Amino acid sequence: MIKLLKKLTKKDMALAGLAFLLILAQVYLNLTMPDYMSDMTVLVQTEGSAMADILAAGGKMLLCAVGSLLTAACIAVCAAKISANFSANLRGQVFNRVQSFSMEEIGRFSTSSLITRSTNDITQVQMVLVLGLEVFLKAPVTAVWAICKIAGKSWQWTATTGIAVIILLCIVGTCVMVAMPKFRKLQILTDNINRVTRENLTGLRVVRAYNAEDYQETKFEKANDELKRTQLFANRTMTILMPGIMLVMNGLTLAVYWVGAYLINDAGMQDKLTLFSDMIVFSQYAMQVVMAFMMLVMIFVLVPRASVAAKRINEVLDTEPAIEDGAKTEAKAGMTGEVEFRHVSFKYPDAEKNVLEDITFTAHKGDTVAFIGSTGCGKSTVINLIPRFYDATEGEVLVDGMNVKEYTQEALRNRIGYVSQKAILFSGTVAGNVAYGENGGKPADREDIIDAVHTAQADEFVEKLPDTYDGFVAQGGSNLSGGQKQRLSIARAICRHPEIMIFDDSFSALDYKTDRILRQTLDEKCGDTTRLIVAQRIGTIRDADKIIVLDEGRIAGMGTHDELMKNCEVYRQIAFSQLSKEELA
């Protein structure tokens, strides 16, 4: 928590300072009221006291109460302002840190956990901060100030209050120690229920198609029940605090009056009134001390869970991305659109063996290089090394004659147009999705967008939308078909005018006719662009300048379609499994 609180801005610290001054004023006013109560008690018990004096003391007491109310309102406003700014800044820092993560860090934390850390965990810290400024600062000041005011009254009363405080601390400490492990577990269980819910919503079609609603409900109930039982244990433990505090508070009041009764009984006639007045005032101050500790308990209820949440947030903020930025933004002179792999091997984090082994090839400007092979042979992994979603374990990946690790990630990705295996669209418009992102040059204009949509063969459905290029696209493109989403994803890559275009199995949802026309149009409009294509269909890649056949992470063959049909058994098997000998001829 302390580490996170260091992230408060100067403005927030100034507001916290103002809040502390207001707290001092409020405590002063609260602790002054018993003095006026003492004066009123003496005046009422003294014969011949004027009503005006009693009313004057009561009026001052009322002014203190109103002043305390106003300062409390100002403190609440300051606390709300500080906590809102702090949580917004912290959420922004977590989001920016996650943005810098490679796929390795994303996989290590998991998507569901990162969502929880960005939302629920920060909310836990925010709740402690807003109450902490109002309570955590006020309680110690109140307790110390009240103890100082009662210290000289009577050692018997002081000792009684001290014993009550010790009992209170023992109750609080025991409850926190018992509940803390459960609070740690709560955040992990929140991650788990977030994951289960997210899986269910994401895979809703599959769940319904397989009549697996009961299975998903059982899975959710198990995660939900575990979270419920843990919360109940933690909350039941902490609910012991309030009855314990009330017991100590009422016991202290009784003890003060009990001790006071003995003191008054043993005192002389002249001292009885003074002792009675002191007893009334002391009981009020003693209540202030206990109330201060009760306010601290309110924080202790939240602090264990918030401290766990703060630790989880710090884990994200302290994690350095495995992929470090290079310094260069420009490539070697005279080299454009060239991709080279030199003896590249790659192993996923925590994997036992390499996924890729000794991959070497070169794609020159304007070349179309295709990758094909069985499922899991490493095709997508090869192309993911180019934009540095992962870094090669061994060997070098070069773009325009320079190792990709030497570029800034922004400069490297400005050279690339990437179409992912799963078509990803964002809520907004067609034009907004096609012109998405930056390419280091001028923003895409309307003409670029229309041209990219036509090249991607998406115009036939885009121009039929009610608002054409300003037509609405739902989150994830859920209002479009798979083929329509793929074509818009391809249009987005084309619109960047990149040196290198990467297609990660991006033609699979297209029919053969659209696939063929799209590739022909790409040849015409993007002839100078280097194209790297991962595909499962021979028909998609048979015209490529170079086809690389992967088998268990190694290159099993490299060449044109005709060359591979003669020299590569793996390629022949794939070809014959998809097309007849007449079609291949």
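Please read all numbers here as calculations on a predicted model, not as lab measurements. We use all heavy atoms of the structure for the numbers below, so side chains are in, but hydrogens, waters and symmetry mates are not.
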Would a distance-only check, ignoring hydrogens and angles, find a side-chain to backbone donor-acceptor pair under 3.5 Å from Ser345 to Glu394?
no

Heavy-atom distance under 4.5 Å between the side chains of Thr218 and Glu221, does that happen here?
no

Out of curiosity, Leu15 CG to Ser83 OG, how far, rounded to the nearest 0.5 Å?
10.5 Å

Would you sort out whether Ile383 and Phe503 count as a side-chain contact (heavy atoms from CB on, under 4.5 Å), showing the intermediate values?
CA-CA 9 Å; Ile383 60 171; Phe503 300 95; over 6 Å; no

So, taking the atom named NZ in Lys182 and the one named CG in Leu189, what distance separates them when rounded to the nearest 0.5 Å?
9.0 Å

Which atom pair, heavy atoms only, marks the closest approach of Ile500 to Gly337?
CG1-CA, 4.0 Å

Donor-acceptor contact below 3.5 Å, side chain Arg496 vs main chain Ile416:
yes

Point-to-point distance, once rounded to the nearest 0.5 Å, from OG1 of Thr190 to CD of Gln124
8.0 Å

Do any N or O atoms from the side chain of Tyr407 and from the backbone of Val399 form a donor-acceptor pair under 3.5 angstrom?
yes

When you look at CD of Glu552, are more than 12 heavy atoms from neighbouring residues, nucleotides or ligands closer to it than 6.0 Å?
no

Contact between Gln231 and Leu227 at the side-chain level, heavy atoms closer than 4.5 Å - yes or no?
yes

Using only atom types and a distance under 3.5 Å, with no angle test, would you say the side chain of Arg487 pairs donor to acceptor with the backbone of Ala456?
no

Backbone N or O of Arg312 within a donor-acceptor pair of the Arg117 side chain at under 3.5 Å?
yes

Ser374 (side chain) donor-acceptor with Cys377 (main chain) under 3.5 angstrom
no

Evaluate the criterion salt bridge (charged side-chain N to carboxylate O under 4.0 Å, His left out) for residue pair Arg97 and Glu320; output intermediate values, then yes/no.
CA-CA 9 Å; Arg97 175 62 70 177; Glu320 293 297 329; 3.8 Å; yes

Shortest non-hydrogen contact between Asn433 and Arg492, atoms and distance:
O-CD, 3.1 Å

Lys311/Asp318 salt bridge by N-O under 4.0 Å criterion:
no

Leu90 versus Leu317: any side-chain heavy-atom pair under 4.5 Å?
yes

Salt bridge (charged side-chain N to carboxylate O under 4.0 Å, His left out) between Glu199 and Arg195, intermediate numbers included
CA-CA 6 Å; Glu199 282 181 354; Arg195 177 186 59 79; 3.4 Å; yes

Counting the benzene-type ring for Trp, do Phe341 and Phe346 have ring centres under 6.0 Å apart?
no

Using the salt bridge (charged side-chain N to carboxylate O under 4.0 Å, His left out) rule, take Asp391 and Arg388 through it: C-alpha gap first, then chi angles, then the decisive distance, then the call.
CA-CA 6 Å; Asp391 270 342; Arg388 293 192 76 193; 2.7 Å; yes

Does atom OH (Tyr436) have a neighbourhood of more than 12 heavy atoms from anything else shown, all under 6.0 Å?
no

So, do Ile494 and Thr529 sit near enough that their side-chain heavy atoms are less than 4.5 Å apart?
no

Backbone of Ala84 reached by a side-chain donor or acceptor of Ser87 within 3.5 Å
yes

Kindly indicate whether the side chain of Asn85, heavy atoms from C-beta on, has any atom under 4.5 Å from the side chain of Thr9.
no

For His454, which of Lys525, Glu463, Glu460 qualifies under side-chain hydrogen bond (donor to acceptor under 3.5 Å, both in side chains)?
Glu463

Between Thr381 and Tyr390: side-chain donor-acceptor atoms closer than 3.5 Å
no

When you check the side-chain N and O atoms of Tyr418 and Asn384, is any donor under 3.5 Å from an acceptor?
yes

Could you tell me which non-hydrogen atom of Ala19 sits nearest to which non-hydrogen atom of Ile75, and how far apart they are?
O-CG1, 4.0 Å

Do other residues, nucleotides or ligands put more than 12 heavy atoms under 6.0 Å from the CD atom of Gln573?
yes

Distance, nearest 0.5 Å, that separates CD1 of Ile541 from CD of Gln536:
9.5 Å

Would you name the heavy atoms of Asn192 and Ala223 that are closest together and state the gap between them?
ND2-CB, 3.6 Å

Just by distance, with hydrogens left out, do Thr116 and Asn194 show a side-chain donor and acceptor under 3.5 Å apart?
yes

All heavy atoms of Tyr469 vs all of Thr429, minimum pair found to be O-CB, 4.2 Å

Given Ile193 and Phe220, is the side-chain contact (heavy atoms from CB on, under 4.5 Å) satisfied, shown in steps?
CA-CA 7 Å; Ile193 202 165; Phe220 178 82; 3.8 Å; yes

Determine, step by step, whether Leu550 and Ile555 satisfy the side-chain contact (heavy atoms from CB on, under 4.5 Å) criterion, reporting the C-alpha distance in whole Å, the side-chain angles of both residues, the deciding distance to 0.1 Å, and the verdict.
CA-CA 5 Å; Leu550 294 175; Ile555 295 178; 3.9 Å; yes

Check whether any side-chain N or O of Asn479 sits under 3.5 Å from a backbone N or O of Phe472 as a donor-acceptor pair, and report yes or no.
yes

Heavy-atom distance under 4.5 Å between the side chains of Asn200 and Lys219, does that happen here?
no

Beyond-backbone contact of Leu385 with Leu356, side-chain heavy atoms, under 4.5 angstrom
yes

List the steps and the verdict of side-chain contact (heavy atoms from CB on, under 4.5 Å) for Thr368 and Arg519.
CA-CA 10 Å; Thr368 299; Arg519 285 184 288 105; over 6 Å; no

Asp12 side, atom CG; Leu129 side, atom CG - distance, nearest 0.5 Å
8.5 Å

Hey, does Lys347 have a side-chain heavy atom less than 4.5 Å from the side chain of Lys353?
no

With rounding to the nearest 0.5 Å, note down the distance linking SG in Cys526 to CZ in Arg531.
6.5 Å

My understanding is that only one of Ile533, Val534, Leu532 makes a side-chain contact (heavy atoms from CB on, under 4.5 Å) with Ile502; could you say which?
Leu532

Nearest heavy-atom approach of Ile424 to Phe426 is CG2-CZ, 4.1 Å

